[in-house]
Amino acid sequence: MSEVLAFSDPRVLRAIQLIWKEAALLDAKDYQAWEQMYTDDALYVIPIDPDTEDFAASLNMVYDDKRMRRLRVERMLQGYSPSAVAAARTVRVVSRFTVENVGDESVTLRSAQILNAFKRDKFSTIGAELTHEIILGAGGEDRIALKVARLIDSEDAVSASGFLL
């Protein structure tokens, strides 16, 4: 399927809309709604090695299953952890979508994310290559089965950010 045709496919458009919704929820710090966007067996991964595909056997900054996502959300909401105290305000742009796979039940997309954050009188910008596998549900109940955020500076020191990527 050509890239032009892929972007007119309603399944691809649904997946892109879900990814944009995820970005909006994260910027709004609506972590509980964000957590509900994932399937029960989904993974949320931020690998250190920019080329790895074997996340289970690689060192990762984040390798979250459902339980770990729940704990991460609790930490962000409780207000006592360094990541939650004076959490950064963020604005993210997700664009440059490429279609990796389109099927009757799922869509896999790659995209670029630029995240601008403001915390403690300082601005920071983080770039990442994203991969999302979206499970298409009946009645538009689409969910994220996999999110991989490959930071462009993943092999350098990364400070505590106070937000989710």
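Since this is a predicted model, take the numbers as computed values, not measurements.
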Practice prompt. Taking the side chain as every heavy atom from C-beta outward, state whether L25 and Y31 have any atom pair closer than 4.5 Å.
Written response: no
Practice prompt. Report yes if some heavy atom in the side chain of Y44 is under 4.5 Å from a heavy atom in the side chain of L146; otherwise report no.
Written response: no
Discussion item. I need the full list of ring pair (Phe, Tyr, Trp, His ring centres under 6.0 Å) pairs touching residues 123-155, with sequence neighbours left out, sorted by first then second residue.
Written reply: F118-F123
Fill in: Heavy-atom check, side chain of L151 versus side chain of I126, under 4.5 Å
yes
Discussion item. A side-chain contact here means heavy atoms from C-beta on lying under 4.5 Å apart; do L43 and D64 qualify?
Written reply: no
Worksheet item: For R92, which residues count as a side-chain hydrogen bond (donor to acceptor under 3.5 Å, both in side chains) partner, sequence neighbours excluded?
Response: D27, T90
Worksheet entry | Contact summary for Q113 and L165, nearest pair of heavy atoms | NE2-O, 3.6 Å
Response to the item:
Across all chains, not counting sequence neighbours, the side-chain hydrogen bond (donor to acceptor under 3.5 Å, both in side chains) partners of K66 are D40
Worksheet item: Should the heavy atoms of other residues, nucleotides or ligands under 6.0 Å from CD of Q32 be counted, would the total exceed 12?
Response: no
Discussion item. Applying side-chain hydrogen bond (donor to acceptor under 3.5 Å, both in side chains) to Y38 and E22, what does each step give before you reach the verdict?
Written reply: CA-CA 10 Å; Y38 284 77; E22 179 195 28; 2.9 Å; yes
Worksheet item: With a 4.5 Å limit on heavy-atom distance, are the side chains of S154 and P50 in contact?
Response: yes
Worksheet entry | Residue among L18, T39, D41, I144 satisfying side chain to side chain contact (heavy atoms under 4.5 Å, CB included) with I135 | T39
Practice prompt. Please determine if R14 and D142 form a salt bridge, counting it only when a charged side-chain N lies under 4.0 Å from a carboxylate O.
Written response: yes
Discussion item. Going by the rule side chain to side chain contact (heavy atoms under 4.5 Å, CB included), which residues pair with A56 if we only count those two or more places apart in sequence or in a different chain?
Written reply: D54, Y63
Worksheet item: Got a sec, which residues hit ring pair (Phe, Tyr, Trp, His ring centres under 6.0 Å) with F55, two or more places apart in sequence or on another chain?
Response: none
Worksheet entry | Trace of the side chain to side chain contact (heavy atoms under 4.5 Å, CB included) decision for T131 with E100 | CA-CA 9 Å; T131 301; E100 295 292 312; 5.8 Å; no
Discussion item. Can you confirm whether I46 sits close enough to N60 that some side-chain heavy atom of one is under 4.5 Å from a side-chain heavy atom of the other?
Written reply: no
Item to complete: Please say whether more than 12 non-hydrogen atoms of neighbouring residues, nucleotides or ligands are located less than 6.0 Å from CD in E53.
Response: yes
Practice prompt. Give me the one residue out of R70, R143, R67 that meets salt bridge (Lys or Arg N to Asp or Glu O under 4.0 Å) with E35.
Written response: R70
Worksheet item: Taking C-beta and beyond as the side chain, do V107 and L136 meet within less than 4.5 Å on heavy atoms?
Response: yes
Worksheet entry | E129: partners by side chain to side chain contact (heavy atoms under 4.5 Å, CB included), with sequence neighbours left out | R96, R150
Fill in: V62 side chain reached by V45 side chain, heavy atoms, under 4.5 Å
no
